[in-house]
Undergrad: 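Dropping a structure here in C-alpha cells format, bear with me for questions.
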Amino acid sequence: MATKPKLYYFRGRGRMESIRWLLAAAGVEFEEEFIETAEQYEKLQKDGRLLFGQVPMIEIDGMVLTQTRAILSYLAAKYDLYGKDLKETVRINMYADGTLDLMLMIALAAFKPPAEKEESLALVAQKAQTRYFPVFEKILKDHGQDFLVGNKFSWADIQLLEAILMVEELNASVLSDFRLLQAFKTRISNIPTIKKFLQPGSQRQPPPDSHYVEVVRSILHF
C-alpha cells in the first residue's frame, strides 16, 4: 500500500492550507505532523530537511519537498489538475498565482496589531471586489464553461473557491455583484471530494486566532 503524503506545518492555515485543499480535492488522504514547539522546528532544520529553513514541508513519493509553489505545482501535475497542455498550464498558473496573492494578504494580516489588522482585512475585501473577483467573473463569462480552464476541473478552480470562502469570512456579501462567481462557488463546492472537505471534522483549518499567532511567533522568533 502506498504511503500517505505527510505534511509538516503549524496547526493552522498559513501556506499549507492550499496544499491541504489540493490534496483533498484530488481525493488523496494525507497525514499531518503539527509543529507546536521551537524544538520540533529546530530538529527539522538540524536534520537538513528544510531546504531553505522554512515550512511547509511535505513527504511524498519518496521525496521531501519544500516551497509552497513547487509543492502545489507537483501535486497539480501528479493528480491531473494542471491542464492538457502548456497553454492551459500557464493559464492555470496565472489564475492560481492571482488567488495566492489575495490569500497571502489575508494570512499576513493575522500577524499585525489589531488596528492595522482590521484595516488590512478591510482592504483585502475591497481589493477582492474591485480587482480580483471582476477578473474571474470576466474569465467565466468569456470562457462560457463550468471551469476556469478548458472544460475540466483544475488547480485553478480549487484555488479560486478557497479564496472566495476566505474573503467571505471577512465580508459575507462579497459576491453579491458577481452572478457567475456565485454559481461557480456552488458548482465547485458540490464536487464530492470538495464537499467532503468542507464538512465539519475534515482537515480544513479554521481562520487564524490569537493562539495560532502566538505559537508561530514563539517558534519563528518574530
Undergrad: Quick one: do Leu165 and Val174 end up in the same hydrophobic cluster if we chain Ile, Leu, Val, Met, Phe, Trp and Tyr together by side-chain heavy atoms under 4.5 Å apart?
TA: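 Result: yes, single cluster for both.
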Undergrad: Any chance CD of Gln199 has more than 12 other-residue heavy atoms, nucleotides or ligands included, within less than 6.0 Å?
TA: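 Yes, the 6.0 Å shell around CD holds more than 12 heavy atoms from other groups.
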Undergrad: Is it the case that the side chain of Ser73 and the backbone of Ala70 share a donor-acceptor pair, with hydrogens and angles ignored and the cut-off at 3.5 Å?
TA: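 Checking the backbone N and O of Ala70 against the side chain of Ser73, no donor-acceptor pair under 3.5 Å is found.
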Undergrad: Would you say the side chains of Asn171 and Ser173 form a donor-acceptor pair under 3.5 Å?
TA: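 The answer is yes; a qualifying pair exists.
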Undergrad: Does any part of the side chain of Leu72, heavy atoms only, come nearer than 4.5 Å to the side chain of Leu22, both counted from C-beta?
TA: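 Side chain of Leu22 against side chain of Leu72, heavy atoms only: contact under 4.5 Å found.
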Undergrad: Tell me, do Leu23 and Tyr79 make a side-chain contact under 4.5 Å, heavy atoms counted?
TA: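 SC-SC contact between Leu23 and Tyr79 confirmed.
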Undergrad: Could you tell me which non-hydrogen atom of Tyr82 sits nearest to which non-hydrogen atom of Thr89, and how far apart they are?
TA: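 Here Tyr82 and Thr89 meet closest at O-OG1, 2.7 Å.
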Undergrad: Any side-chain heavy atom of Lys195 sitting closer than 4.5 Å to one from Ser189?
TA: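 Side-chain contact under 4.5 Å: no.
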Undergrad: Just verifying a value: how many Å separate Thr37 OG1 and Glu39 CD, rounded to the nearest 0.5 Å?
TA: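 Interatomic distance, Thr37 OG1 to Glu39 CD, rounded to 0.5 Å: 4.5 Å.
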Undergrad: State yes or no: do Ile35 and Leu220 share one hydrophobic cluster built from I, L, V, M, F, W and Y residues joined by side-chain heavy-atom distances below 4.5 Å, directly or via other members?
TA: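 In one cluster: yes.
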Undergrad: Is there a path of hydrophobic side-chain contacts, each under 4.5 Å between heavy atoms, that joins Leu170 and Leu104?
TA: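 Leu170 and Leu104: separate clusters.
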Undergrad: Under a 3.5 Å cutoff, is there a donor and acceptor pairing between the side chains of Tyr95 and Asp157?
TA: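 Result is no, nothing qualifies.
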Undergrad: Between Tyr132 and Asp101, is a side chain to side chain donor-acceptor pair (under 3.5 Å) present by the stated rule, with each step listed?
TA: CA-CA 10 Å; Tyr132 291 93; Asp101 287 347; 4.6 Å; no
Undergrad: Would a hydrophobic clustering, with Ile, Leu, Val, Met, Phe, Trp and Tyr connected at side-chain separations under 4.5 Å, put Leu198 with Leu181?
TA: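 The answer is yes; both residues are in one hydrophobic cluster.
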Undergrad: Name the residue from Arg20, Lys6, Arg11, Lys4 that meets the side-chain hydrogen bond (donor to acceptor under 3.5 Å, both in side chains) definition with Glu32.
TA: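 Looking at Arg20, Lys6, Arg11, Lys4, the match for Glu32 under the side-chain hydrogen bond (donor to acceptor under 3.5 Å, both in side chains) is Arg20.
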Undergrad: Donor-acceptor pair, Gln40 side chain versus Glu36 backbone, under 3.5 Å?
TA: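 Yes; judged by distance alone, with no hydrogens or angles, the pair exists.
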Undergrad: About how many Å separate CD of Glu137 and CG of Asp142, when rounded to the nearest 0.5 Å?
TA: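 Here the rounded value is 10.5 Å.
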Undergrad: Could you walk me through whether Phe133 and Asp177 pass the side chain to side chain contact (heavy atoms under 4.5 Å, CB included) check?
TA: CA-CA 10 Å; Phe133 289 169; Asp177 294 330; over 6 Å; no
Undergrad: What are the two closest non-hydrogen atoms of Ile219 and Ala38, and how far apart are they?
TA: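 Minimum heavy-atom contact is CG1-N, 3.8 Å.
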Undergrad: When you compare the side chain of Leu102 with that of Met105, does any pair of heavy atoms fall below 4.5 Å?
TA: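 Side-chain contact under 4.5 Å: yes.
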Undergrad: Rounded to the nearest 0.5 Å, what separation is found between the CD1 atom of Ile164 and the CZ atom of Phe136?
TA: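 Going from CD1 on Ile164 over to CZ on Phe136, the span is 8.5 Å.
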Undergrad: Can you give me the closest heavy-atom contact between Ser176 and Gln182, atom names plus distance?
TA: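 So the minimum-distance heavy-atom pair works out to O-NE2, 3.4 Å.
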Undergrad: Taking it one step at a time, do Met16 and Ile19 satisfy side chain to side chain contact (heavy atoms under 4.5 Å, CB included)?
TA: CA-CA 5 Å; Met16 184 62 86; Ile19 297 169; 3.7 Å; yes
Undergrad: Under a 3.5 Å cutoff, is there a donor and acceptor pairing between the side chains of Glu59 and Tyr8?
TA: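 Tyr8 and Glu59 do have a side-chain donor-acceptor pair below 3.5 Å.
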Undergrad: Mind checking the OG1-CG spacing from Thr99 to Leu161? Nearest 0.5 Å is all I need.
TA: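 The distance works out to 10.5 Å.
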Undergrad: With side chain to side chain contact (heavy atoms under 4.5 Å, CB included) as the criterion, how do Gln67 and Gln54 come out once you've worked through the C-alpha distance, each side chain's angles and the decisive distance to 0.1 Å?
TA: CA-CA 8 Å; Gln67 300 304 110; Gln54 298 173 317; 3.4 Å; yes
Undergrad: Please report the C-alpha distance between Arg69 and Leu100 in whole Å, then the side-chain angles of each, then the deciding distance to 0.1 Å, and finally whether the side chain to side chain contact (heavy atoms under 4.5 Å, CB included) criterion is met.
TA: CA-CA 9 Å; Arg69 188 66 170 76; Leu100 281 171; 4.3 Å; yes
Undergrad: Leu7, Phe34: one ILVMFWY side-chain cluster at the under-4.5 Å cut-off?
TA: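 Different clusters.
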Undergrad: So Lys78 and Ile60, do their side chains get closer than 4.5 Å, heavy atoms only?
TA: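 In short, these two side chains touch, coming nearer than 4.5 Å.
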Undergrad: Using a strict cut-off of less than 4.0 Å between a Lys/Arg side-chain nitrogen and an Asp/Glu carboxylate oxygen, indicate whether Glu168 and Lys185 qualify as a salt bridge.
TA: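 Lys185 and Glu168: salt-bridged.
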Undergrad: Using a 6.0 Å cut-off, check whether atom CD of Glu119 has over 12 heavy atoms from anything other than its own residue.
TA: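 For Glu119, atom CD is not crowded (no more than 12 foreign heavy atoms under 6.0 Å).
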Undergrad: Taking all heavy atoms of Ala110 and all of Pro208, pick out the closest pair and write down the distance.
TA: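 Heavy atoms of Ala110 and Pro208 come nearest at CB-CG, 3.7 Å.
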Undergrad: Looking only at side-chain N and O atoms, does Gln159 offer a donor or acceptor that is under 3.5 Å from a partner on Ser18?
TA: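 Side chains of Ser18 and Gln159: pair found under 3.5 Å.
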Undergrad: From Ile158 CD1 over to Leu148 CG, what is the distance, rounded to the nearest 0.5 angstrom?
TA: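 One gets 11.0 Å once the value is rounded to the nearest 0.5 Å.
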Undergrad: Between CZ of Arg179 and CZ of Phe184, what distance do you get to the nearest 0.5 Å?
TA: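 Spacing of CZ (Arg179) from CZ (Phe184) equals 14.5 Å.
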Undergrad: Would you mind reporting whether Phe178 and Leu140 have side-chain heavy atoms less than 4.5 Å apart?
TA: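 No. Closest side-chain heavy atoms not under 4.5 Å.
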Undergrad: Measuring only between side-chain heavy atoms, which start at C-beta, is Met63 closer than 4.5 Å to Tyr74?
TA: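 A side-chain contact exists here, since the closest heavy-atom pair is under 4.5 Å.
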Undergrad: Less than 4.5 Å apart, any side-chain heavy atom of Tyr212 and any of Phe111?
TA: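 Yes. Closest side-chain heavy atoms under 4.5 Å.
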Undergrad: For residues Ser120 and Lys112, report the shortest heavy-atom separation together with the two atoms involved.
TA: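 Smallest interatomic distance, heavy atoms only, reads OG-NZ, 3.0 Å.
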Undergrad: Between Phe147 and Asn151, what is the shortest heavy-atom contact and its length?
TA: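 Smallest interatomic distance, heavy atoms only, reads CD1-C, 3.6 Å.
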Undergrad: Should the heavy atoms of other residues, nucleotides or ligands under 6.0 Å from CZ of Arg15 be counted, would the total exceed 12?
TA: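 Check fails, neighbour count at 12 or below.
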Undergrad: Walk me through it: do Arg49 and Glu33 pass the test salt bridge (charged side-chain N to carboxylate O under 4.0 Å, His left out)?
TA: CA-CA 14 Å; Arg49 307 189 74 203; Glu33 181 170 317; over 6 Å; no
